[in-house]
Amino acid sequence: MNLGTIGEVKRPTSLDQIDGWRDGYAWLAGGTWLFSEPQVSSDTLIDLDSLGWQALTVSDDGLEIAATCRIAELFDFAAPAEWTAAPLFRDCCRSLLASFKIWNAATVGGNICMSLPAGAMISLTAALEGVYTLVPRSGAPREVAATEFVTGDHANILERGELLRSVSLPASALTKRYAWRQQSLVHAGRSAALVIGTCAADGSDFRLTATAATPRPVQVAYERIPSPQDLRAGIESATAVDGFFDDVNGSAPYKQHLTYYFAEQIRTELS
């Protein structure tokens with residue numbers, strides 16, 4: 001839709017060209033949500049596409065994903081053969097409530113910064129031990145674990161004017177085995193639960209990450225694949241404060257059931 005309140009679109013080639021921050025400014029990445037409804041509090045868009053960030057950068061340390069990387073680019077990424085967890089990229093892309101046309105515009109960073117419980121790029125990067133680089137309007141960039149970025153439904157730790165620059169996925173996580181489960185109330189609907197388990201080839205460093213069912217990512221970790229009782233106890237402890245998310249995509253008890261059910265399936269598959 002047209003945004004009638006927007007009077008200017010800035011297209012910087014460097015973040016240094018954006019001096020300060022004021023009310024009315026808004027970052028523009030893919031714009032698939034931004035242009036979906038009126039933005040009455042915004043009068044200026046700052047287009048990140050003009051910064052020319054490389055979408056995907058492979059190194060010995062792992063993979064760096066620019067915040068402006070399109071979902072379609074991530075889906076089409078040809079990963080090194082030893083990155084056994086890389087097929088999870090496509091699994092999570094398919095979990096988005098979006099058509100292939102949206103994939104060509106929507107960005108990884110946009111999905112993360114929307115901070116919805118069902119944000120599949122949040123699920124992906126949290127499960128693969130991602131680290132986000134955040135750039136404030138003043139001061140040095142800071143890094144934060146993907147599991148700590150989202151604080152609730154449509155809420156995160158970004159400060160005023162702060163920007164998500166990139167996501168780093170370590171090679172140690174990309175070379176793990178994984179299993180995942182996802183459920184929606186309707187075909188191609190928004191996720192009611194998305195649960196991912198990862199572990200090393202020998203079963204060590206087991207992590208289970210639950211999203212969509214909870215208001216923020218929940219992750220439990222064990223030195224080795226746990227028993228059913230220990231895994232359930234870990235999830236119960238991790239969800240004790242915020243509980244499970246109740247919305248039109250499923251009731252809290254339903255999402256809780258799915259989380260425990262999928263967790264045990266994943267534990268069994270990876271054992």
Side-chain angles (χ1 to χ4, degrees), residues 84-85 87-88 91-92 95 112 115-132 143-157 167 169-170 172-185 190-271:
T84 48
L88 183 58
D91 291 334
C92 287
S95 298
I112 291 171
S115 300
L116 299 175
M121 297 298 99
I122 301 167
S123 311
L124 170 68
T125 54
L128 293 182
E129 303 163 44
V131 174
Y132 299 166
E143 293 185 342
V144 60
T147 51
E148 301 299 323
F149 180 78
V150 177
T151 56
D153 178 24
H154 205 46
N156 57 51
I157 65 170
V167 180
L169 303 180
S172 58
L174 290 164
T175 53
K176 283 185 171 183
R177 295 187 292 127
Y178 83 93
W180 81 292
R181 297 291 189 276
Q182 183 266 349
Q183 180 66 42
S184 302
L185 282 178
R190 181 170 289 173
S191 297
L194 201 167
V195 186
I196 301 168
T198 64
C199 68
D202 62 358
S204 63
D205 194 13
F206 175 89
R207 298 176 190 235
L208 185 112
T209 306
T211 55
T214 53
R216 59 180 179 83
V218 169
Q219 187 175 88
V220 293
Y222 301 84
E223 291 184 3
R224 301 198 62 81
I225 297 174
S227 67
Q229 296 79 12
D230 286 345
L231 181 56
R232 186 177 182 91
I235 297 171
E236 287 177 348
S237 177
T239 56
V241 175
D242 295 323
F244 290 84
F245 190 63
D246 193 346
D247 66 357
V248 296
N249 302 299
S251 68
Y254 171 67
K255 293 180 178 183
Q256 182 183 43
H257 167 74
L258 287 178
T259 300
Y260 288 129
Y261 182 72
F262 288 157
E264 177 54 24
Q265 284 192 334
I266 288 170
R267 190 200 68 83
T268 301
E269 181 176 331
L270 293 176
S271 295

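Applying the side-chain hydrogen bond (donor to acceptor under 3.5 Å, both in side chains) test to Ser191 and every residue at least two apart in sequence or in another chain returns Gln182. Residues satisfying the salt bridge (charged side-chain N to carboxylate O under 4.0 Å, His left out) criterion with Asp205, sequence neighbours excluded, are Lys176, Arg207. Partners of Ile157 according to the side-chain contact (heavy atoms from CB on, under 4.5 Å) rule, which considers only residues two or more places apart in sequence or in another chain, are Leu134, Arg142, Val144, Phe149, Thr151. Contacts of Thr239 classified as side-chain hydrogen bond (donor to acceptor under 3.5 Å, both in side chains), with partners at least two apart in sequence or in another chain: none. For Ser95, there are no side-chain hydrogen bond (donor to acceptor under 3.5 Å, both in side chains) partners at least two apart in sequence or on another chain. Here Tyr178 pairs with Asp91 under the side-chain hydrogen bond (donor to acceptor under 3.5 Å, both in side chains) rule; sequence neighbours left out. Every side-chain contact (heavy atoms from CB on, under 4.5 Å) that Ala126 has, sequence neighbours left out, goes to Ala146, Thr147, Thr209, Pro217.
Applying the salt bridge (Lys or Arg N to Asp or Glu O under 4.0 Å) test to pairs two or more places apart or on separate chains, none has a residue in residues 191-204. Pairs passing the ring-ring contact (aromatic ring centres under 6.0 Å, His included) check and including a residue from residues 221-247, sequence neighbours excluded, do not occur. Screening residues 146-157 for salt bridge (Lys or Arg N to Asp or Glu O under 4.0 Å) gives no qualifying pairs among residues at least two apart or on separate chains. The salt bridge (Lys or Arg N to Asp or Glu O under 4.0 Å) pairs that include a residue from residues 216-231 are Arg216-Asp242, where partners are two or more places apart or lie in different chains.
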Between side-chain atoms of residues 261-270 and protein atoms elsewhere (two or more places apart, or another chain), which donor-acceptor pairs fall under 3.5 Å?
unit_1: Tyr261; atom_1: OH; unit_2: Gln265; atom_2: NE2; d: 3.4
unit_1: Glu264; atom_1: OE1; unit_2: Arg267; atom_2: NE; d: 2.9
unit_1: Glu264; atom_1: OE2; unit_2: Arg267; atom_2: NE; d: 3.3
unit_1: Glu264; atom_1: OE2; unit_2: Arg267; atom_2: NH2; d: 2.9
unit_1: Glu264; atom_1: OE2; unit_2: Thr268; atom_2: OG1; d: 3.1
unit_1: Gln265; atom_1: OE1; unit_2: Arg181; atom_2: NE; d: 2.8
unit_1: Arg267; atom_1: NH1; unit_2: Pro226; atom_2: O; d: 3.2
unit_1: Thr268; atom_1: OG1; unit_2: Glu264; atom_2: O; d: 2.9
unit_1: Glu269; atom_1: OE1; unit_2: Arg181; atom_2: NH1; d: 3.0
unit_1: Glu269; atom_1: OE1; unit_2: Arg181; atom_2: NH2; d: 2.8

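Each of Asp246, Thr214, Asp247 was checked for a side-chain hydrogen bond (donor to acceptor under 3.5 Å, both in side chains) with Lys255, and the lone residue meeting it is Asp247.
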Give the C-alpha distance, both sets of side-chain angles, the deciding distance and a yes or no for side chain to side chain contact (heavy atoms under 4.5 Å, CB included) between Met121 and Val167. CA-CA 10 Å; Met121 297 298 99; Val167 180; over 6 Å; no
